[in-house]
Amino acid sequence: MPPRVTVIVHGPDVRGSFAECLAGVLRQLPPPGNGADGGHGGQGGHGHGYGRDKGRGAEVVVVPTDAEAREATARAVAKDGRLVVVDVPEGTPETEARVAGARRAGGEWLQFVAGRDRLPAGSLHALTGAIQLCAVPAGRHRADVILLNHTRSTWSTEGVPSPDGPLLDKAGHSPLPLVTLPGLLRLAPLLGTRLVRASFWRAHEDVLTAGNALYTAYALPLLADRVACSDQLALDARTQRAATLPPPVASGPEGRVEPYVAAYRLLEPHPATAPLRRTLYDLMTEDWLHIIAREQRGHDREFFFAAAEAARACKPEGHRAPEGVDGVRQKLLEAGSYERYLRLAGFNDRRRHWRSVAMKQKHRLGAKVRARRGRAARKAPLDPDLAVFTAYWNRGVTCNPGAIATKLAEIAPHIKPVWISGRARVPLLPPGTEHVVPGTPRYQEAMGRATYLVNNVNFPTGWEKRPGQLHLQTHHGTPLKRMGLDQMPYPAAAHGLDFRQLLRRVDKWDYSLTSNRHSTLMWRHAYPSGYTELEHGYPRNDVYYTAGPELVRAVRARLGIAPGVRAVLYAPTHRDYESEWHPRLDLARLTERLGPDTVLLVRGHYFYSTSPSELAGLRATRRVLDVSAYEPVEELALAADALVTDYSSIMFDYAHLDRPIVVYADDWEIYQATRGVYFDLLERPPGAVARTEDELTEILAGDAWRDTAARAARTAFRERFCAFDDGRAAERVVRRVFLGTPDAELPPVLPLSARTPAPTPEEAVSA
């Protein structure tokens, strides 16, 4: 079978980037002979081996266009002969190189990658995953082009996320005509983020190759019958320092004006295309005005007048300029009023300057006031009975800090807890909760005088820890995915994290709390520092051993779940390559197939601020309940007969209940490659595993969700990951950290065999 994707690496070498690009591609291919086709690639296209992996379905075609790129390619072929190399004359334009590569490609889909750019880790998985999500294999509604996400890197930055994610998520995965969402034209015009069906490319090759990469990036979605979108990362676009490069070949009007005009002319002046013409017109004039505004273009009359002529020629009938200064600039461009434009630009430059001066003065004054208050607080004696608590970036009283604070009130009531809360979250705090809001004088005083500081994430980098203060890091889950410094090889996960700052925050930890030995070992290299490890268990999990049947019945009653109805908690995790959450299941279809005696409790990850629209239409059925805002999540677990999750750490907590867990791993390879994981979940799962929705339905409709094999897998999982939680974790933490009790005098951890989990819903009914 042909590969699903052909990646075409093409172009000249740019200061050694071609070799780096190829190395990144090769790292994602399996070792030769391990699931890949045999044979050898060759110069001039004489080889027959494809760089193909049946699991990933990828092939790599290389089209070097200068001597340096040829040398880099020869070295890569010597290491891995599966690359397909296409010879073209030196100095071949990149447009022609793309044509040559596409004609040799054997894949169903094509990705064009300029040799100056890179493929992010796991992107080959991401491409095949995007095809599975977005591309209907046959019929009228299949996508011709899939629009993907990217990061950007420069000589000084690595993997900076693009702003395209929300727009890609808004569009969803279903193939749709571009005219239904013309805002997609505002995605960064990078050819490497357009995955194109090979048959579509070949049918439109002459038109698609009538301009440079900018033109083709716009032409692909404009010509496509339907496009689809995925937030998965397909490209790391690199920008070299201008001082290190020769002058660009097409830096004048022919490089930035003509491609837009050519793309615009692909749209017939028909009412049906009006939304696209308006959007593209605004886009191209915005880009031209940005170019003119740059320092090197500030006095380029030739470019201004070329852009002005094109703007007049392309202006849609009835088009209205934007409001404000942007609209004035656009009108001046259309009129060709260069001198008036310069005067306006000068006026705006002066206005921005004085506004910036005023804002800087305001910020300096505010910083001085805050610094003065902070110094005053740090000079005052520490309060031995003051503890500052916060969780999940100031979201409220929850998780391990919440359970610790509750136990603190019971056995150390002399210590006063104060919670940090974001201003918008204050109304959601439990009545009577003592709290402070970040940035306020009371916040400065609390942070400066508290002896104890408890958090399940990190405090801000600017917090200066005083001698005598004790910082307890409770964490908020058992790590399956890579964390801390272990994220460095995974740009989709790192999202531009400053790892030096991270280490400075970690160095302030006095205690690191863990719930199992696996966590202890992973934190050691993810967060290397001199803190003391507390293998006392997670306090938030105490309730799984202390809750009685009354609480189980009460929670189910609040949720409206009748006795005898099976409640399945569906709790997927966050994906770094998706900025908005969309359920990876057809929930309506799933509940219909499972029947009226099953209700789904759908819990979105807290990183997502809103629930997807598809949940709203299912609320009336009462068979799909959106419980994303329900707190605490531990109560949802108590109410559920079973858990369905993907890679969320909730599985490690839910395992304490010794109830069925089903892993829905439809994109495991993509997640594993883009985020990085500490172990292969599919080899040692906590229960049954489904790779497709049909498999999940079959498991839940039958007995596989709770049969002997599922129980055996859960037992092994519990033995590995449920070591320290026995219902008394909070007590051990309070006595050790706040009361100074020696380890030898703390309540010992009960063996797993001696613990009794909270009753199941079925047991709670009969109790």
Side-chain angles (χ1 to χ4, degrees), residues 129 132-142 169 172-176 228 555-573 575 578 580-605 608 610-630 636-637 639-648 650-651 654 659-668 685 687-707 710 760-762 765:
Q132 293 167 2
L133 285 172
C134 302
V136 178
R140 291 172 50 242
H141 301 309
R142 69 180 190 174
D169 271 331
H173 303 308
S174 299
L176 50 81
V555 176
R556 285 176 66 96
R558 281 198 291 273
L559 294 170
I561 305 171
V565 171
R566 178 179 59 169
V568 177
L569 176 59
Y570 171 47
T573 192
R575 284 159 172 76
E578 294 182 351
E580 290 186 12
W581 174 49
H582 294 279
R584 307 181 71 84
L585 294 167
D586 185 335
L587 299 174
R589 179 171 177 263
L590 178 61
T591 53
E592 184 66 28
R593 295 174 69 181
L594 293 180
D597 293 332
T598 296
V599 61
L600 289 183
L601 309 176
V602 182
R603 173 80 172 192
H605 194 277
Y608 302 114
T610 58
S611 294
S613 58
E614 46 261 63
L615 283 180
L618 296 172
R619 288 172 186 157
T621 68
R622 300 300 299 167
R623 297 195 19 219
V624 177
L625 303 181
D626 181 4
V627 293
S628 300
Y630 189 103
L636 296 175
D641 297 272
L643 171 71
V644 173
T645 188
D646 38 32
Y647 325 118
S648 170
I650 194 174
M651 73 179 77
Y654 192 84
R659 300 181 193 174
I661 301 172
V662 180
V663 174
Y664 178 52
D666 66 314
D667 64 338
W668 169 246
V689 175
R691 299 304 306 273
T692 67
E693 185 175 325
D694 286 340
E695 289 180 6
L696 177 63
T697 304
E698 184 178 350
I699 289 169
L700 292 175
D703 202 47
W705 63 292
R706 59 179 180 181
D707 63 11
T760 66
E762 184 178 358
V765 169

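Scope of the values below: all heavy atoms of this structure, side chains included, with no hydrogens, waters or symmetry mates. Model, not experiment: these values are computed from the prediction.
A heavy-atom distance below 4.5 Å is found between the side chains of Leu601 and Ile561. Contact of the Leu559 side chain with the Tyr630 side chain is registered, since non-hydrogen atoms from C-beta on lie closer than 4.5 Å.
Ion pairing between a basic and an acidic side chain is recognised when a charged N comes within 4.0 Å of a carboxylate O; Arg593 and Asp586 show no such pairing.
Ala639 and Pro761 get closest at one heavy-atom pair: O-CG, 3.6 Å. Shortest non-hydrogen contact noted between Thr573 and Arg575 is O-NH1, 3.3 Å. Scanning both residues, Arg603 and Leu636, for their nearest heavy atoms gives NH1-CD1, 3.6 Å. Here the closest non-hydrogen pair linking Asp641 and Tyr654 is C-OH, 3.5 Å. When every heavy atom of Tyr647 is checked against every heavy atom of Tyr664, the shortest pair comes out as OH-O, 4.4 Å. The nearest pair of heavy atoms linking Ser648 to Pro572 is CB-C, 4.4 Å.
With respect to Val599, the side chain to side chain contact (heavy atoms under 4.5 Å, CB included) criterion is satisfied by exactly one of Val565, Leu569, Val624, Leu594: Val565. Results of the side chain to side chain contact (heavy atoms under 4.5 Å, CB included) test with Tyr570 over Thr645, Leu587, Val627 single out Leu587 as the only residue that passes.
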Does the pair Arg584 and Asp646 meet the rule for a salt bridge (Lys or Arg N to Asp or Glu O under 4.0 Å), with working shown? CA-CA 10 Å; Arg584 307 181 71 84; Asp646 38 32; 5.8 Å; no
Please evaluate residues Leu590 and Thr697 with respect to the criterion side chain to side chain contact (heavy atoms under 4.5 Å, CB included), reporting the C-alpha separation (whole Å), side-chain torsions for both, the decisive distance (0.1 Å), and the verdict. CA-CA 7 Å; Leu590 178 61; Thr697 304; 3.3 Å; yes
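The CZ atom of Arg566 sits 3.5 Å away from atom OG1 of Thr598, with the distance rounded to the nearest 0.5 Å. To the nearest 0.5 Å, the span separating CG on Leu585 from CG on Asp666 amounts to 7.5 Å. With rounding to the nearest 0.5 Å, the separation of CG in Leu700 from CD in Glu695 is 12.0 Å.
In this structure a side-chain-to-backbone donor-acceptor pair under 3.5 Å is missing from Arg706 to Ala642. Proximity of a side-chain donor or acceptor of Arg623 to a complementary backbone N or O of Gly595 within less than 3.5 Å is detected.
Under 3.5 Å, the side chains of Asp694 and Thr692 contain no donor-acceptor pair of N or O atoms.
Other residues, nucleotides and ligands contribute at most 12 non-hydrogen atoms within 6.0 Å of the CD atom of Glu698.
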